[in-house]
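Sequence lines set the chain letters: A, B, ... in the order given, protein chains first and strands last, and positions in each chain run from 1. Reckoned from all heavy atoms, side chains included, excluding hydrogens, waters and symmetry mates.
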Amino acid sequence: MQKTIPKIGLFIYEQGGRLARAIDLDAVIQRLARIKNVTRCEVLTDLAAPLPSIKEDFTSDKFNRILWVGKFSDYQKKTIQSELSSAGLNPYMHEWCDIEEQGIGIDGVDLGIQTQKAILIIQMSLARTRLLEPLEPLELPAIDAALIIGAGVSGLHTATSFMELGKKVYLVEKESGVGGKVASLHRLYPRICDPRCGLEFEIQKIRESDMVEVHTLSKVKSLEGSPGNFDVRIEKQPRYVSEEKCNACGECMKVCPAVIPEEQRSRESAFINETSQQVLNSLKSEKKAIHPAVPMPYPPTFLIERQSCPSECRECVKVCPAQAIELEQTSSEMAFKVGAVIVTTGWDPYQLSKVEEYGYGIYPNVISNLEMERLLESPPAIEEIGFIQCAGSRDERHLNYCSSVCCSVALKHVLYLKEKLPDARCYIFYQDIRTPGFDEELYQKVKSLHNVIFIRGNPSTVKPGDDGKLKIRTEDTFSGKEIDLSLDLLVLAGGMMPSQGSFEIAQLLNLPQNNFGFFESHLQCHPEESQRTGILVGGACRGPMNISQSIESSHRAAMEVLPFLNRTILIEPKYPVLDLTKCDKCKRCMEECPFLSYVFDENGFPSLDLTKCRQCGNCMGICPLIAISLRNNTIKQIAAQIQALKSSFMGKEEPVILAFLCENDAYHAAKSAVEYGLPVPPNVFFIKVPCAGSVNNALVADALAFGIDGVLIAGCKDGQCHYVKGNQLVKTRSGDLSDKLQKMMIDPQRVRFESLEIRDSKKYVELVKSYIEELRAMGPNPFKS
Amino acid sequence: MPPKVDREKCDGCKAEKESLCEQICPGDLMTLAEDKKAYCRMPRDCWDCMSCIKACPKGALETRIPYQLGYHVAKLIPMMGTNTITWTCIDINGKVERFQYINRGMLD
Amino acid sequence: MNYLYYPGCSLKGAAIDYDESFQAVAPALGIEIDEMKDWECCGATVAKSVDEGLSETLPLSTLKNAEKEEKDLLMLCPSCYVNHLQVSLKAKENEAFLEQHSFNQVPEVKQLLEVLAFDFGVEEIKKKIIKPLKGIKVLPYYGCLTVRPFRLGGKESHENPRAMENIIEATGAQPVFFPYKVDCCGGTLLLSKEKTALKLCASILREAKKLSPDCIVVACPLCHFMLDAKQRTVEKELKEKIELPVLYITQLLGIALGIDYKKLGLHRLVTSPKSLLQRTGINI
Amino acid sequence: MAEKIPKSLNEIQTEVIATDLLIIGGGNAGCFAAYEAKTKNPSLRVTIMEKAHISRSGATAAGMDAINTFIRTDKGETPEKLVKWSRAQVGGGPIREDLALSNAELLNETVELLEEWGLPIVKDEDGHYKLRGRWDISIQGEQLKPIMAEKAMEVGAQVFNRVVATNLLMDGDRCVGAMGFGVRDGKFYVFHSKATIVSTGGACGIYKSPVTDYSGAHHQTWMCPFNVGTGYAIGIRGAAEMTSMEQRWIAIRTKDFCGPVDTISVAFGCMITNAKGERVMEVRYKDVGGDKAARFYRLNAPMTEWLEGRGPTYVDTTILSSEEAKDLREDLLNERPSFVLFLASRGHDITKEPVEIYGSDPYIVGGHTGSGYWVDMKRMTTVPGLFAAGETAGGNPNKFVGGCAVEGRLSARGAVDYIEKTTLPPLDTKQVEKEKERVFAPFIRGPEFDGVNPMEMEERMQRLMDEYAGGIHQFYRMNEERLDHALKNIKMLQDQTKYLYAKDIHSLMSAHEVSDRLDVAEVLVHHLKYRKETRWPGWQTRMDYPEVDPDMDCFVESVRDPKTGEIKIFKRPFKQLIPGDRTKA
């Protein structure tokens with residue numbers, strides 16, 4: 001590409017004399033007009049009128065890029081850009097320089113200094129403007145289909161919302177049927193209705209649409225490609241019954257000789273009495289080797305569990321009227337393409353046998369809250385029943401968090417139980433009752449019931465009594481008294497933990513998990529965004545939540561996916577580009593990219609997957625060979641800006657600070673400091689960066705070499721970084737630099753990393769002030785000339 | 001005069017196939033030891049061109065004059081910017097001298 | 001498998017049968033032990049209640065003496081074990097402490113159950129059994145100190161330990177699940193609050209009796225004293241016969257290893273194990 | 001990284017790369033050659049074979065403080081005047097004035113190219129390049145090498161880093177590429193090319209360095225110690241004609257540490273003084289130009305002072321103000337940063353004490369003196385298809401950075417023309433296999449082999465050359481008998497290379513480096529023997545023939561018979577194109 005000599009039109013937009021009050025505008029214009037490459041330089045008081053002449057000058061090649069100084073609204077910028085792009089000026093050839101946000105116009109600063117500073121800020125922008133290049137956004141085609149992993153309540157709801165949006169969906173489930181955990185519940189709260197009703201509603205929609213492909217008994221084997229264009233391969237286990245032919249008449253099940261007992265807990269027989277025997281009996285269940293899909297029979301076909309099926313039997317084959325039995329089926333693989341992936345792998349109950357003090361797994365009448373759901377279908381005659389909330393939850397030895405639904409679940413159980421057995425005495429042992437939102441109503445309702453006793457304090461011992469009942473000892477922490485009780489049944493509220501499937505998927509898709517194993521996401525702003533672009537996480541695989549929250553979450557995930565399923569993915573030209581002539585394949589960019597956007601190309605160089613990249617620039621920050629630049633914010637541009645900053649404009653003794661501000665938080669803090677009229681000292685200049693992590697040490701070295709007294713890098717607080725770990729990366733790097741400065745006998749505090757939140761304007765001003773004091777005490781930067 | 005390696009700081013460029021000093025050394029002298037820390041394999045052959053010192057992102061390398069030639073201990077530390085280089089020279093009496101200049105383009 | 005054996009005062013006094021049976025069983029299993037010569041009293045629970053410093057100094061002195069031997073220190077009495085372990089952990093975690101007492105390598109402190117069930121291993125025990133105790137129901141009782149405080153136990157759950165059950169199974173006998181296996185026997189309260197002590201002991205013996213085992217097995221001299229020597233007193237309180245022989249785990253092992261009952265000190269038990277021994281084919 | 005030592009040749013992979021233009025050595029001349037070839041014909045496949053990493057390889061690895069030649073036409077300078085000056089610097093020649101002129105004509109344009117690529121060149125108030133001597137301009141050249149390297153890659157040259165050349169690939173008399181091996185990957189490389197430019201730099205380490213007496217600073221030399229004369233050696237073995245090898249380059253350097261002296265004396269006007277405080281050049285060498293005398297005089301003078309009992313000798317830096325002293329050190333940082341460290345390690349304040357100077361060990365560097373390949377105006381050597389540029393090309397001294405860059409471009413022009421007229425003959429696999437066997441022989445012998453390690457042989461050779469072929473410890477003096485002794489022992493050493501073994505690929509490289517140096521040394525001694533006169537005292541001091549012999553006012557040439565190994569030596573006449581006194585600038 002032939003390089004054009006930069007010719008810059010420089011326009012200062014003066015509204016209502018604001019600038020003239022703060023600076024010597026004439027002097028500024030005179031100074032700027034003399035600068036090389038500036039071919040037109042003037043003050044505008046109105047934007048509309050001069051536009052035709054600006055346009056004309058551009059077409060007559062008087063300038064080829066424009067620096068706009070002043071405050072412009074986004075609307076004004078857009079108008080100007082589109083007006084001039086009609087004349088052929090690329091929208092990226094405009095540079096916008098708001099000198100006021102850097103503190104020009106602040107009361108109490110000398111006019112001369114303000115003028116000087118304004119000139120410097122504009123010169124910095126000019127340096128940038130000189131290096132502007134015309135850019136075009138990229139358009140990449142995307143596939144209009146989504147993959148949903150896990151057909152629980154979240155998965156089903158996501159699938160139907162897509163379907164209703166007219167998108168193709170592949171729903172992959174490892175069980176034989178859909179519905180997940182919710183399908184195994186007896187009743188939902190707060191309306192105490194049957195969960196199958198709601199699930200059936202969703203299944204009905206799926207049944208009637210050809211936009212959803214449900215693959216049960218299937219697991220994702222691999223996911224390759226990039227957002228908008230994923231290649232999925234799944235492995236399907238055989239059902240031995242043809243999905244097409246089976247009409248679910250159930251003839252086969254009648255003749256099947258193989259009965260499979262469902263998994264049974266071992267119970268110490270010495271402690272069984274009549275009630276516990278009843279409990280055991282009602283929890284027991286069995287099924288035939290050929291049976292309908294579980295938990296919800298969708299697809300509405302049977303399947304055979306071959307490992308329990310006598311190999312020579314073939315009774316089902318004989319009776320099946322539809323000739324649907326296919327004993328020769330083998331596992332098969334399928335491949336399809338999708339634009340995005342939603343993971344809804346749900347949760348697993350905590351293994352209560354680990355909470356040994358409560359004797360789960362030993363005494364038959366100690367059961368989990370999930371088992372209680374089943375027991376409630378036909379509860380045995382129970383007189384006294386206890387519920388231990390937080391059985392292992394909020395406990396550092398087990399689950400060190402609150403599963404948020406267990407309290408309400410216990411209340412639901414009590415409510416329903418009292419309907420059936422009005423005389424039963426229910427004891428609820430709790431630490432705190434947590435019934436957020438409208439669940440409070442449930443709590444109040446249950447509290448008012450007769451014979452429902454709330455005891456704050458979890459039992460210390462659970463032992464079998466003489467009569468096979470359970471002897472419970474607990475402390476009522478309100479009265480400080482020991483309470484001994486004898487119960488027929490004890491229900492443990494086990495917590496929710498990430499499902500086994502979540503762990504498998506996490507490994508397969510390289511999805512980061514938090515300390516507890518739930519998928520990591522930006523919890524507040526984008527709770528459904530995983531840290532892998534194009535892969536969303538919805539429902540309880542993100543954390544404990546109730547059913548309505550899961551459904552909300554999955555709908556939200558569906559909404560977040562839509563941008564990936566558009567016909568094209570528009571990529572702003574702000575992505576990093578790698579200068580291969582400099583790259584030494586050191587791989588640091590690949591390692592540090594928070595979104596794993598880099599892959600090796602055929603020559604071993606890193607190559608960027610634009611669809612995964614979130615344009616944070618951390619690779620630019622980390623590159624030791626300064627070979628990476630963001631397209632619209634090149635390292636050369638920033639270096640030129642730094643070079644334009646004259647460090648001794650207020651005299652050699654007065655410190656000058658260059659601040660690199662993260663545009664998500666710190667920049668706003670600094671900007672609003674000025675808007676609020678806080679006394680921002682004139683000593684500080686800032687450069688806006690996409691993430692603190694994009695600041696390369698070489699730029700800091702440049703600043704120090706040019707005599708800048710202090711370099712402030714301000715990013716988000718720990719755990720708040722929009723790009724996951726940019727602030728951490730920059731901290732490590734500036735640590736290396738500090739060590740070096742120490743060796744060079746330069747105070748390492750000349751380079752500082754600080755965390756600022758968006759509302760930290762006051763803190764920003766205080767910080768800058770105290771930093772100036774510190775720098776004054778240190779004396780000028782030894783490299784300052 | 002081989003560069004002195006600060007083994008605490010050196011991370012062997014995270015055990016990449018070749019560390020940056022190894023990549024750059026004009027004499028094929030810098031390499032990684034078994035513990036993935038850089039070292040100079042033939043100290044006698046080093047020309048002290050300081051390419052490795054400039055390349056090290058961790059600041060773990062330092063050129064020293066061998067005692068047979070100069071007294072203990074003088075330091076010369078380059079710091080590389082994008083288009084600048086600064087040098088800090090500390091002589092045996094602790095006197096510090098600093099140099100800074102632009103090493104690439106944009107002199108106007 | 002070479003340990004420095006610290007007997008402690010109980011094992012050289014009231015619990016001499018524990019010492020005897022251990023000294024007989026260890027070589028039979030192939031566990032080498034050297035009895036420590038210059039050991040000192042651990043201070044038991046008594047020192048701690050009087051002088052915290054003393055309860056540290058006493059084990060410290062033993063640990064210092066043991067350091068020279070460069071072997072793991074093996075304790076049978078859980079009280080000794082807990083006291084020594086506490087000091088050794090403190091020494092390991094606290095460098096100043098380590099330096100102050102000029103330790104180089106703090107000896108590992110181990111207790112018998114840990115050594116048998118984990119270091120030596122249940123499978124190894126199984127191989128050495130000569131006389132499997134078929135059809136014998138054994139009720140394990142751990143007491144409090146063996147597994148508590150739980151951070152000291154490390155390898156076992158303090159609510160539901162399984163080491164003794166596993167060893168019992170290895171001898172061929174049938175372990176009985178005992179919900180009270182980690183409850184307190186009341187031993188330390190015997191002098192100060194005798195009534196409470198006996199109440200605790202009684203609840204254990206009564207619950208044990210309900211499960212009708214052939215014997216109780218313990219690993220603590222104090223538990224043994226309470227359950228065995230005080231059994232008569234408890235029977236009077238409960239107005240109910242208990243008559244359960246209480247054996248040390250080493251004694252039970254000794255029987256299965258075919259060691260002479262006298263060498264195992266079985267003749268010293270208050271509640272006679274006669275019928276139990278007869279069922280295993282030993283006649284007294 | 002520990003490499004696996006192959007047990008047989010079969011384990012070694014051979015890579016064959018077909019290309020249009022092969023450039024051996026991606027230094028200054030090499031990068032410019034690549035740039036020129038690619039700009040002349042972008043469709044050309046240009047391949048660079050680089051022994052180190054192109055970003056920091058060769059003599060300019062540490063940087064450069066000046067471009068020693070630039071023609072300030074505004075001050076009335078012309079290419080002819082530059083050639084005249086160059087001729088005077090080598091005592092009136094002989095020099096190839098035709099080559100020098102064509103070089104000078106392209107010089108300014110080339111230097112300006114460097115500035116365009118991003119090299120900061122210091123300017124004076126009028127916007128001209130700032131002079132520090134008559135021809136020197138100051139640069140801030142710390143990044144000189146990376147800048148050139150990036151340009152070469154940017155224009156699309158394919159760079160093979162860490163591949164060292166071992167021999168030319170021949171097709172009869174014509175050169176069709178080169179062979180070598182990967183210093184990191186251990187592969188055998190065959191570059192099959194229509195034309196080849198050799199630009200490997202000069203030869204260092206043939207003589208013992210004066211700062212070499214302990215292992216810590218064996219290569220404390222002026223020239224880059226990794227330039228070992230491979231470029232000459234492959235030509236010598238390929239029967240190319242070599243010229244003026246006896247015109248050794250010996251620089252005057254700071255003592256105990258080969259720091260630059262020209263920077264101090266030329267740029268800052270610090271004169272040479274002796275122990276008595278006399279201005280040596282002014283007092284004793286007025287007749288040959290005093291402080292402006294030709295370089296070999298300026299080298300020989302301080303050494304003579306030492307010999308005659310008036311050492312040590314200095315450059316008098318005490319005349320400098322502290323600002324000037326700082327500027328001086330800044331210049332040094334750009335070229336030889338560790339010299340600044342050296343001064344610091346002596347606690348040496350140069351404004352208070354002068355800097356001691358001494359001679360360096362001798363080098364064969366055709367960018368500085370006339371040694372190297374005999375080339376035609378297209379920079380083609382006597383081997384068809386083989387071009388030479390920079391330090392390897394002979395007959396044209398005082399090229400330095402600017403001139404070598406120009407020559408890179410000129411050789412590329414020659415090569416591009418040549419390529420257009422030729423095709424690539426089929427690959428001679430027999431030759432390839434034979435060379436592969438030769439190359440990896442020290443490796444196959446393995447670390448357990450009872451033989452000679454390359455370092456031992458190198459030190460033996462360096463001491464031999466130092467003592468018998470006019471090294472610094474003999475004040476550069478030699479006579480026929482000593483040269484004969486040197487020759488005899490070089491022959492023995494060459495024979496002993498069959499005992500060389502390598503314990504890893506790095507030492508395999510060292511083994512070939514010492515072999516290459518020996519081949520250069522052999523030719524060098526033949527040249528020294530042939531010039532039975534003393535034309536350039538210091539550079540070439542024959543004690544048995546102390547005077548200038550008018551019959552020897554000619555080029556000394558040599559060709560090695562590839563079959564017998566015999567070296568044929570002969571004269572070529574000198575042609576004066578620019579009239580005037582040859583010894584005057």
Is it true that B:D28 and D:K51 have a side-chain N and a carboxylate O under 4.0 angstrom from each other?
no
Considering all heavy atoms, the nearest D:F257-B:I65 contact
CE1-CD1, 3.8 Å
Could you measure the distance from the CZ atom of D:R329 to the CZ atom of B:F99? Nearest 0.5 Å is fine.
4.5 Å
Given a strict heavy-atom distance threshold of 4.5 Å, which part of D:A59 is in contact with chain B: side chain, backbone, both, or neither?
backbone
Between D:E142 and B:M50, is a side chain to side chain contact (heavy atoms under 4.5 Å, CB included) present by the stated rule, with each step listed?
CA-CA 11 Å; D:E142 189 273 324; B:M50 297 181 76; over 6 Å; no
About how many Å separate NE2 of D:H348 and OH of B:Y71, when rounded to the nearest 0.5 Å?
12.0 Å
Closest non-hydrogen atoms of D:H506 and B:G27, given as atom of the first, atom of the second and distance, are CE1-O, 3.3 Å
Test log, rule side chain to side chain contact (heavy atoms under 4.5 Å, CB included), inputs D:F226 and B:L29:
CA-CA 11 Å; D:F226 317 122; B:L29 302 174; 4.1 Å; yes
Applying a strict 4.5 Å limit to non-hydrogen atoms, the region of B:N93 in contact with chain D is side chain
Would you mind reporting whether B:R104 and D:P146 have side-chain heavy atoms less than 4.5 Å apart?
yes
Highest number of heavy-atom pairs under 4.5 Å with chain B among D:I139, D:L333, D:L343 belongs to D:L333
Interface moiety of D:M509 toward chain B, non-hydrogen atoms closer than 4.5 Å:
side chain
Quick check on D:E513 against chain B: is it the side chain, the backbone, both or neither that has a heavy atom closer than 4.5 Å?
neither
Rounded to the nearest 0.5 Å, how far apart are CD of D:Q140 and CG of B:N83?
11.5 Å
Option that, when pairs with chain B are counted at under 4.5 Å, heavy atom only, ranks first among D:G205, D:G58, D:S55, D:P225
D:P225
Less than 4.0 angstrom from a charged side-chain N to a carboxylate O is my criterion; do D:R162 and B:E18 meet it?
no
Segment of D:C224 engaging chain B (4.5 angstrom heavy-atom cut-off):
both
Going by an N to O cut-off under 4.0 Å, is there a salt bridge joining D:R336 and B:D48?
yes
Within this structure, what is the CD-CD1 distance for the pair D:E330 and B:I85, rounded to the nearest 0.5 Å?
10.5 Å
Counting only heavy atoms not in D:K130, do more than 12 fall under 6.0 Å of its NZ?
no
For the residue pair D:V340 and B:E97, establish whether any side-chain heavy-atom pair is separated by less than 4.5 Å.
no
Nearest non-hydrogen partners of B:C25 and D:A52, listed with the distance:
O-CB, 4.3 Å
So, does D:R346 use its side chain to make a donor-acceptor pair with the main chain of B:L69 at under 3.5 Å?
yes
Checked D:Q143, D:K145, D:E116 vs chain B; the most non-hydrogen pairs under 4.5 Å come from D:Q143
Contact origin within B:K54 toward chain D - heavy atom pairs under 4.5 Å
side chain
Could you tell me which portion of B:I53 (side chain, backbone, both or neither) has an atom closer than 4.5 angstrom to a non-hydrogen atom of chain D?
neither
Euclidean distance, D:L332 CG relative to B:W87 CH2, rounded to 0.5 Å
11.0 Å
In terms of heavy-atom contacts, B:R44 and D:E458 come closest through NH2-OE2, 3.0 Å
Where on B:I24 is there a heavy atom nearer than 4.5 Å to chain D: the side chain, the backbone, both, or neither?
both
Closest approach of B:P26 and D:R56, non-hydrogen atoms and distance?
CG-O, 3.0 Å
Looking only at heavy atoms and a cut-off of under 4.5 Å, which of B:A74, B:C89, B:P78 has the most pairs with chain D?
B:A74
Heavy-atom closest contact (D:P337 atom, B:L76 atom, distance):
O-CD2, 3.1 Å
What part of D:N334 gets within 4.5 angstrom of chain B, counting heavy atoms only: side chain, backbone, both, or neither?
both
